[in-house]
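Heads up, the thing below is written out as structure tokens.
Note that the coordinates shown come from a computational prediction; the quantities given were computed from them, not determined experimentally. Protein chains get the first letters and strands the later ones, always in sequence-line order, with residue 1 at the start of each.
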Amino acid sequence: VTANDFNVPEEDHPDSTDDVLRLLSAQTDGSLDEAGRQRLTELLTSDLAARQAVRQYAALTAALRRQARRDEAGKKQEPALTLASPRRSYVAWLTRLGSDFLREPVALAVLVLVMISGGVLFWNLSQLSRPRPVVQQPPPGEPSAPGEPGASASRGDKTQDQHPIANENQQGADAPRSPVVARLTRSAGATWAQQDVPVEGTDLKAGQELSLEQGVAEITFTTGVKVILEGPAEFELGTQSKIENPKSKIANSCSLTLGKLFASVPTQAHGFTVQTPTLQIVDLGTEFGVQVRTESDPIVGGSAVPTTEVVVVQGEVQILRAEVAIAQAPPDTRPQVLKPGQSVISRPNEEVRPAQVDPAKFVREVPAVEKPFAAWPADNPLRPGDIVAVCLGEQRLVKIDPRTGMQTLLASGKGEFPGSHWRCVAVEPTGSVLISTGGLPTSGSALLRVDPRDGKITVLTTLVKRGPQEPPTNDFLTGIATSRDGQILGLRQSHPQPVLVRIDPVSGKISTVAPIGGNAYGICFDTNGQDTFLTWYETLALQHAATVTPWVTGEKLAFPTGVAVAPDGRVFVAVRQNDARRVLQIGRGPDHEVSTLVTLPEGLSAPELGHLAMERDGSLIAGSNSEAGEVFRIRPNKKSIEVLASGGLLHVPAGVAIVPGAEKQP
Amino acid sequence: VSQDVHDGRFTQALLACQDDLYAYLFSLTLNVDAAEDLLQQSNLVACKKSREAQAAPDFRAWLFKTAHLEVMAWRRKNRREHLIQLDSALDLLAEEDAGDERKGLRASALAYCLEKLSPQNRELILRRHQPGAKVQEMAVEMHRSVDVVSNMLYRIRKTLLGCIKRRLGEEGIS
């Protein structure tokens, strides 16, 4: 199990129902506290949308329950049974849909039988609705057809047997020998639903599915066809051929089940085919746009059905209804040819109609975007938003999955570099990780740079050489921070007085920015990416140019450690007041009002919180100097604190940082 | 067993409602185990009163009303006094839904979206919805806290709902 195994992509546009869903989910799983329940009650009472969210959530729960039972039944009785996704054609879609209903009469018959014969008053419907153990065996050499075993004689399975598309999920998509048919050549603002996010230059294989949640992507086929995909879109490579001729054209086809694409087809690639739920579109030398969307259809009770729009800009395309393409419609239906400027709309089981489709609505080129981090390597195991932590005495750099808390070792040292302790960490916009070292006398101190791809460590700059000849010293960087534009600032103590320093990211040269009033610990850039906040004994201060101005001083800021700034400007400082370990919130008003955000609950072992880091959603990550290795997540808006990760590789994870990049614009 | 039970239309109607009825019961309890028990209980009552059910002008409305009575009995039995406000908020749903033809979430859309999850996530969420599954036990097995597991489940549900909404449009599951 690796850190990415539980990776769930975040929704891109959180809305008010997210809050409801979070509360509902917690209540279902028994982890909602009283305050949460009150909030849920309020929302449900006052907000129609919240009640709608409950309905959707309940419908999901019911469907998951059914699916879980089916899977369980499938595992016990028919290991080969897989759930094919409904794709590629509306017929397959309907077939899949039908199998859900066709199962019912089977269950019904059993139910009636049981009741008649046994006079049974109590039954377990879920048991009855499981597929029967008797499964039709496929002939040798043929893959077994997916579907419900209990309904093996049904129309649904018959339809699937006739059409190779039904077997695709078992054969094609994940076969390692699938040929490369295209490459993701450019993209702009693209986010993908896939676990392995495709980046520019990624080879794409036949059968590969792409879910573009937003943005624009350019896919260039080996045949020379250029497809501009506009999100949200569901796209699959090299699929059409399986409908008509499984042996040919695999490299020159694709399917679009949702969203917009614009295809430019060079001469040598004529015949390029786009399959949609309702249409098969074959190029005859063209530029054309296709859009698939769902619309509510009153005939089927308002259910969503897919529609396809096609507009030809240059050349010609031939279109054929999907039902016809796989011989489900009258055989006298002929392909239709569209010429430049012509456009059509197609709905399931209806004749294709002329329509006004504006070709201007299709993006034809990937817009140029300024890449935030040009040097970010494609094979970097870190992703924006990942958490990195250093373990003080263990010389270990650990990645923590922000969603699951899973730990992965990125790099480790065995004393080969200056500095006995790895104290704090920051991530550069290039994806490299900086580690400040130092500690025991004569061990020296340095700023290390780690390439997370191979864990290779280089010394960016040495502060104190190690060796018995060196005088005992505690000269090292206690805190480091990187800005979005690549600046590195560090807190250097005792040299001969504490100073804020700048480290050149290329040469490693250290220069003094400003003297500071004490041995500082916490440092972070302000929202403007230029000034920094610093903490030292009973002080929070703001550095601007060469001036360091105390903001808050006094007992309430006793033993401050980490500091972080929220996107809205609020400043958070971790402190230890007597035995209470707290995170304080400091307002930006003229009074710099201090309030307690959270207090670490009794029973958690961390004697002190370490550095703080700000996640993109405004949550705080806090390291600790705990032997048990706790790394905490604090949600300022909920005033909650939880253990994100502990134990495992983590031991005194004082330094934490978030991998920057792909900042969400407010 | 009364003769009415043999009426295919009754059993068919009852079977056709199972997912919706479960969803209804779940929305009133926010508890998968309770919804499961109440589903069985409601089915039982419906069978016992099948004559009454068939005489009702709207079988579905009758069934949901019967189920709601079971929910109220369950709440009393389980001493949910501390949840009385939440329960009455949830009852608003029941009132709004009275006699409303619900459209269940299409299994095909769920299957499609489940495939988009990582295998581990898929297993995790389906495991949670197997009969008798306990988050506490799952958390122990995974060496994680209940809150972490709960949070993982939340994220998966959110992802699934988002995916399904995108796939079907809002009307498909509302």
Checking A/Ser619 against A/Arg633 for the side chain to side chain donor-acceptor pair (under 3.5 Å) test, could you report, in this order, the C-alpha distance in whole Å, the side-chain angles of both residues, the deciding distance, and whether it holds?
CA-CA 7 Å; A/Ser619 301; A/Arg633 176 179 275 139; 4.6 Å; no
Heavy-atom cut-off 4.5 Å, strictly under: side chain, backbone, both or neither for A/Leu48 against chain B?
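Just the side chain, heavy atoms under 4.5 Å.
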Can you tell which part of A/Leu64 gets under 4.5 Å to a heavy atom of chain B, answering side chain, backbone, both or neither?
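Both backbone and side chain.
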Under the salt bridge (charged side-chain N to carboxylate O under 4.0 Å, His left out) test, residues paired with B/Arg144 that sit two or more places apart:
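None.
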Do you know which of A/Val643, A/Val54, A/Leu644 has the most heavy-atom pairs under 4.5 Å to chain B?
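Ranked by contacts with chain B, first place is A/Val54.
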Return the option, out of A/Leu258, A/Asp29, A/Thr41, with the maximum number of heavy-atom pairs under 4.5 Å with chain B.
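If we count pairs closer than 4.5 Å to chain B, A/Asp29 comes out on top.
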Taking only residues two or more places apart in sequence, or in another chain, which ones meet B/Tyr22 in a ring-ring contact (aromatic ring centres under 6.0 Å, His included)?
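In terms of ring-ring contact (aromatic ring centres under 6.0 Å, His included), with neighbours along the sequence ignored, B/Tyr22 is linked to no residue.
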Under 3.5 Å, is there a donor-acceptor pair between the B/Trp62 and B/Glu52 side chains?
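Checked: B/Trp62/B/Glu52 side chains pair up, N/O donor to acceptor below 3.5 Å.
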